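If you're wondering where the values come from, they're calculated on a predicted model, not measured in any experiment. In this chain, numbering begins with 1 at the start of the sequence shown.
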Amino acid sequence: MIEELMSEGQFSAALEKLNDLNDEKTRYLRLVCLNAMGEYRQSMMEGANAKAMAKETYYDVLVAYLEALKECEEYEKAIDILVEELGMPYIPYEYESLFNEVYDQILLEKQEMNAQLDRSQIFSIEEIEKLLDRKNVNDDLLYMALDQMTQLNIRMLLPALHRYLEDDLKPAFAKTLIMETLIQQQIDDEFEVHKNGHIYDFNPAISALVLERECYQGIGKQLVRVLEDDNPALMNQCIDYLEYFLYASYPKEIYEDEYALYAAGIHYYVASMQNIDVSEVDLEVDYNVNLEMLEEVLLALKSIE
């Protein structure tokens with residue numbers, strides 16, 4: 001009878017019949033009704049007790065309770081609960097996925113609220129560490145966290161950053177932004193960076209920022225020399241792609257005798273994406289490169305797509 005009323009959207013009528021607070025299913029159904037009616041404050045108050053007493057309905061109660069906390073903007077309390085639950089050795093898969101989604105939603109809403117209040121500190125150190133260790137993270141959240149890291153003492157996150165840079169599955173651009181922050185804060189530590197199938201040794205204290213390396217200027221000059229007069233629009237696109245490539249491949253070293261080769265490869269690759277015909281023979285002459293070696297560079301460019 002009660003669930004029939006709920007299925008018909010008669011939540012107020014159903015709530016009147018849900019009086020046995022000693023029954024855990026009743027406590028759960030009350031939360032569902034209260035949330036559906038928009039009575040989130042009452043749901044939040046009942047949810048704390050329902051969570052503490054729940055057994056068979058524990059995860060369902062938790063979902064309803066978290067919804068109430070989110071709607072009441074009790075973000076810190078919801079985050080504490082989620083961090084605790086996601087740190088448990090076992091969570092049913094369907095709830096783990098749902099909790100991760102809710103966690104991302106709550107962090108985004110917290111960020112929006114903080115932006116309105118003009119707060120610069122959006123995430124705590126613990127929240128950033130949690131995001132870094134997660135397998136799948138909303139891109140907006142990840143890059144907001146990385147941006148905030150530039151304002152923090154990054155030394156507090158070094159263990160998590162070591163793990164992040166060593167994880168083959170973490171995004172290449174995020175790793176580069178982390179490395180640049182480590183450089184800017186002059187961290188003298190040895191890191192192992194796994195990127196694009198390669199492993200690099202990296203010490204921020206003796207490393208240059210991506211676009212302050214000589215290879216950026218050297219490859220760029222080659223592109224300008226060949227393209228500035230004939231096709232300045234293509235030249236600008238090639239420079240943009242050069243920056244993209246260097247960020248994606250950092251800290252890969254590119255040496256002076258390779259500048260012309262990489263410039264030729266970028267010229268060919270970007271022109272191809274724009275459906276512009278480019279003669280490989282002309283590239284060989286313009287950049288004074290070997291076509292066989294150029295093929296190797298093209299493979300390197302394609303590997304970061």
Side-chain angles (χ1 to χ4, degrees), residues 79 82-83 86-87 100-101 103-108 110-112 114-115 119-217 219 239-254 262 300-301 303-305:
I79 287 168
L82 285 163
V83 168
L86 289 168
N100 277 319
E101 290 178 14
Y103 186 77
D104 288 351
Q105 291 170 5
I106 287 174
L107 286 180
L108 284 169
K110 178 186 173 186
Q111 184 270 338
E112 291 174 2
N114 286 349
R119 293 179 186 169
S120 59
Q121 190 85 353
I122 299 167
F123 304 107
S124 67
I125 291 294
E126 292 76 15
E127 288 166 357
I128 294 176
E129 188 170 13
K130 172 71 178 173
L131 285 171
L132 291 172
D133 284 335
R134 284 254 309 275
K135 289 182 181 179
N136 297 302
V137 181
N138 177 289
D139 283 346
D140 290 338
L141 282 176
L142 174 61
Y143 288 103
M144 281 191 293
L146 295 184
D147 181 61
Q148 184 175 315
M149 277 170 49
T150 63
Q151 306 167 42
L152 301 174
N153 180 352
I154 204 169
R155 290 169 178 80
M156 295 183 288
L157 286 163
L158 288 183
L161 296 178
H162 274 280
R163 293 192 297 270
Y164 195 94
L165 293 174
E166 291 173 8
D167 189 335
D168 290 306
L169 300 179
K170 299 298 186 184
F173 273 86
K175 289 183 178 181
T176 300
L177 294 178
I178 287 171
M179 286 187 279
E180 288 212 309
T181 301
L182 290 165
I183 292 169
Q184 289 164 339
Q185 296 198 18
Q186 299 179 328
I187 303 300
D188 190 0
D189 196 359
E190 296 295 333
F191 292 83
E192 189 175 275
V193 181
H194 293 231
K195 219 181 204 192
N196 305 318
H198 300 282
I199 299 176
Y200 303 98
D201 293 324
F202 171 71
N203 186 327
I206 57 173
S207 300
L209 297 171
V210 178
L211 301 185
E212 291 182 0
R213 295 186 300 166
E214 292 182 3
C215 61
Y216 175 60
Q217 297 296 330
I219 298 171
I239 297 295
D240 289 342
Y241 187 82
L242 169 61
E243 295 180 7
Y244 167 84
F245 172 72
L246 292 178
Y247 266 92
S249 59
Y250 188 82
K252 173 184 171 65
E253 290 285 355
I254 301 176
Y262 274 90
L301 296 175
S303 71
I304 66 166
E305 289 180 351

Pairwise ring pair (Phe, Tyr, Trp, His ring centres under 6.0 Å) hits with a residue in residues 127-159, at least two apart: none
Here the ring pair (Phe, Tyr, Trp, His ring centres under 6.0 Å) pairs for residues 148-191, sequence neighbours left out, are His162-Phe191, Phe173-Tyr244
Contacts of Gln217 that satisfy side chain to side chain contact (heavy atoms under 4.5 Å, CB included) - sequence neighbours left out: none
Can you name the side chain to side chain contact (heavy atoms under 4.5 Å, CB included) partners of Ile199, sequence neighbours left out? Glu192, His194
With a 4.5 Å cut-off on side-chain heavy atoms, are [Y] and [X] touching?
| X | Y | value |
| --- | --- | --- |
| Leu246 | Arg213 | yes |
| Leu108 | Met144 | yes |
| Ile128 | Gln148 | yes |
| Leu142 | Pro171 | yes |
| Leu82 | Lys130 | no |
| Ile187 | Thr181 | no |
| Ser207 | Met179 | no |
| Leu182 | Ile178 | yes |

Give me the one residue out of Val210, Ile239, Ile254, Leu209 that meets side-chain contact (heavy atoms from CB on, under 4.5 Å) with Tyr216. Ile239
When rounded to the nearest 0.5 angstrom, what distance separates [atom1] in [X] from [atom2] in [Y]?
| X | Y | atom1 | atom2 | value |
| --- | --- | --- | --- | --- |
| Leu157 | Arg155 | CG | CZ | 12.0 Å |
| Ile154 | Gln185 | CD1 | CD | 5.5 Å |
| Leu242 | Cys215 | CG | SG | 7.5 Å |
| Leu146 | Leu131 | CG | CG | 9.0 Å |
| Leu161 | Leu132 | CG | CG | 6.0 Å |

Checking [X] now: which residues fulfil side-chain hydrogen bond (donor to acceptor under 3.5 Å, both in side chains) with it, not counting sequence neighbours?
| X | result |
| --- | --- |
| Tyr200 | none |
| Lys195 | Thr176 |
| Glu212 | none |

Is it the case that the side chain of Asn196 and the backbone of Ala172 share a donor-acceptor pair, with hydrogens and angles ignored and the cut-off at 3.5 Å? no
Residues in ring pair (Phe, Tyr, Trp, His ring centres under 6.0 Å) with Tyr247, at least two apart? none
Tell me every residue that passes ring pair (Phe, Tyr, Trp, His ring centres under 6.0 Å) with Tyr250, counting only those two or more places apart in sequence or in another chain. none
Surrounding CD of Glu243 (heavy atoms of other residues, nucleotides or ligands, distance under 6.0 Å), is the total greater than 12? yes
Does the side-chain contact (heavy atoms from CB on, under 4.5 Å) test come out yes or no for Glu126 and Val83, once each step is laid out? CA-CA 9 Å; Glu126 292 76 15; Val83 168; over 6 Å; no
Selection residues 162-191 - residue pairs positive for salt bridge (Lys or Arg N to Asp or Glu O under 4.0 Å), sequence neighbours left out: Glu129-Arg163, Asp133-Arg163
